[in-house]
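Remember, predicted model here, so these are calculated numbers, not experimental data.
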Amino acid sequence: MKLRIDEAATTWYKNTFEPSSPIALRFYVRYGFGGHIPGFSLAIKMATPENPIATAEKGDMLFFVEESDAWYFEEKDLHIKLDENLQEPTFLYE
């Protein structure tokens, strides 16, 4: 799997988390709605990578997905873009 994040989405996360030093953000699976598998969705939290299957480094920010969440992607890549209308990130499974 590959993890891609556009500059506009990176800026959104940077403004939201306001990091003063390097930061690592993990995308992980949780129960919820709006994901590509019914009953599950993605969430994000600050964390230290342990066994990442995908990473994207943007300046002083590291975005990653752990191996334990690989099942959710079903051999798809994750592309994160900023939805210009909603002014928030959107997840594309490609």
Side-chain angles (χ1 to χ4, degrees):
M1 119 173 241
K2 293 181 184 173
L3 173 60
R4 295 183 306 147
I5 183 163
D6 289 355
E7 260 336 290
T10 300
T11 300
W12 187 92
Y13 282 112
K14 189 169 192 158
N15 291 338
T16 299
F17 284 91
E18 298 179 356
S20 58
S21 60
I23 187 172
L25 297 174
R26 175 185 176 188
F27 291 99
Y28 65 98
V29 181
R30 66 176 182 166
Y31 291 111
F33 300 97
H36 81 104
I37 295 178
F40 298 96
S41 64
L42 281 185
I44 190 166
K45 66 180 175 181
M46 291 190 296
T48 301
E50 293 181 18
N51 196 15
I53 60 160
T55 61
E57 195 166 345
K58 298 287 189 165
D60 59 352
M61 299 184 78
L62 174 69
F63 300 89
F64 68 98
V65 174
E66 287 287 350
E67 184 178 22
S68 60
D69 292 313
W71 63 270
Y72 181 75
F73 297 95
E74 299 178 339
E75 300 181 17
K76 295 181 187 261
D77 295 333
L78 175 60
H79 184 186
I80 304 162
K81 297 174 70 173
L82 186 71
D83 182 314
E84 295 294 334
N85 293 326
L86 298 175
Q87 285 299 298
E88 63 184 35
T90 186
F91 304 122
L92 305 170
Y93 303 93
E94 304 171 331

Nearest heavy-atom contact between L25 and Y13 is CD1-CB, 4.2 Å
Nearest atoms (heavy-atom pairs only) where P49 meets A24: CD-CB, 4.1 Å
Do D69 and F27 pass the side chain to side chain contact (heavy atoms under 4.5 Å, CB included) test, and can you show the C-alpha distance, the side-chain angles, and the key distance before you say yes or no? CA-CA 9 Å; D69 292 313; F27 291 99; over 6 Å; no
Qualifying residues under side-chain contact (heavy atoms from CB on, under 4.5 Å), relative to E67, sequence neighbours excluded: N51, I53
Test of understanding: clusters of I, L, V, M, F, W, Y form through side-chain heavy atoms closer than 4.5 Å, transitively. Do M46 and V29 belong to the same one? yes
Less than 3.5 Å apart, which donor and acceptor atoms pair up between the side chains of residues 1-10 and the rest of the protein, not counting sequence neighbours?
from: R4; atom 1: NH2; to: H79; atom 2: ND1; distance (Å): 2.8
from: R4; atom 1: NH2; to: E94; atom 2: OE1; distance (Å): 2.6
from: D6; atom 1: OD1; to: H79; atom 2: NE2; distance (Å): 2.8
from: T10; atom 1: OG1; to: D6; atom 2: O; distance (Å): 3.0

Going by side chain to side chain donor-acceptor pair (under 3.5 Å), name the residues that satisfy it together with Y93, two or more places apart in sequence or in a different chain. Y72
Partner residues of S68 under the side-chain contact (heavy atoms from CB on, under 4.5 Å) criterion, sequence neighbours left out: R26, E66
Side-chain atoms of residues 80-92: list all donor-acceptor pairs with protein atoms under 3.5 Å, sequence neighbours left out, distances to 0.1 Å.
from: D83; atom 1: OD1; to: N85; atom 2: N; distance (Å): 2.9
from: D83; atom 1: OD1; to: L86; atom 2: N; distance (Å): 2.9
from: E84; atom 1: OE1; to: Q87; atom 2: NE2; distance (Å): 3.4
from: Q87; atom 1: NE2; to: E84; atom 2: O; distance (Å): 2.8

Once side chain to side chain donor-acceptor pair (under 3.5 Å) is applied, what residue pairs with a partner in residues 30-46 remain, sequence neighbours excluded? R30-S41
Shared hydrophobic cluster for Y28 and W71 (ILVMFWY, side-chain gaps under 4.5 Å): no
Out of curiosity, does V65 fall in the hydrophobic cluster containing I44 (side-chain heavy atoms, cut-off under 4.5 Å, transitive links)? yes
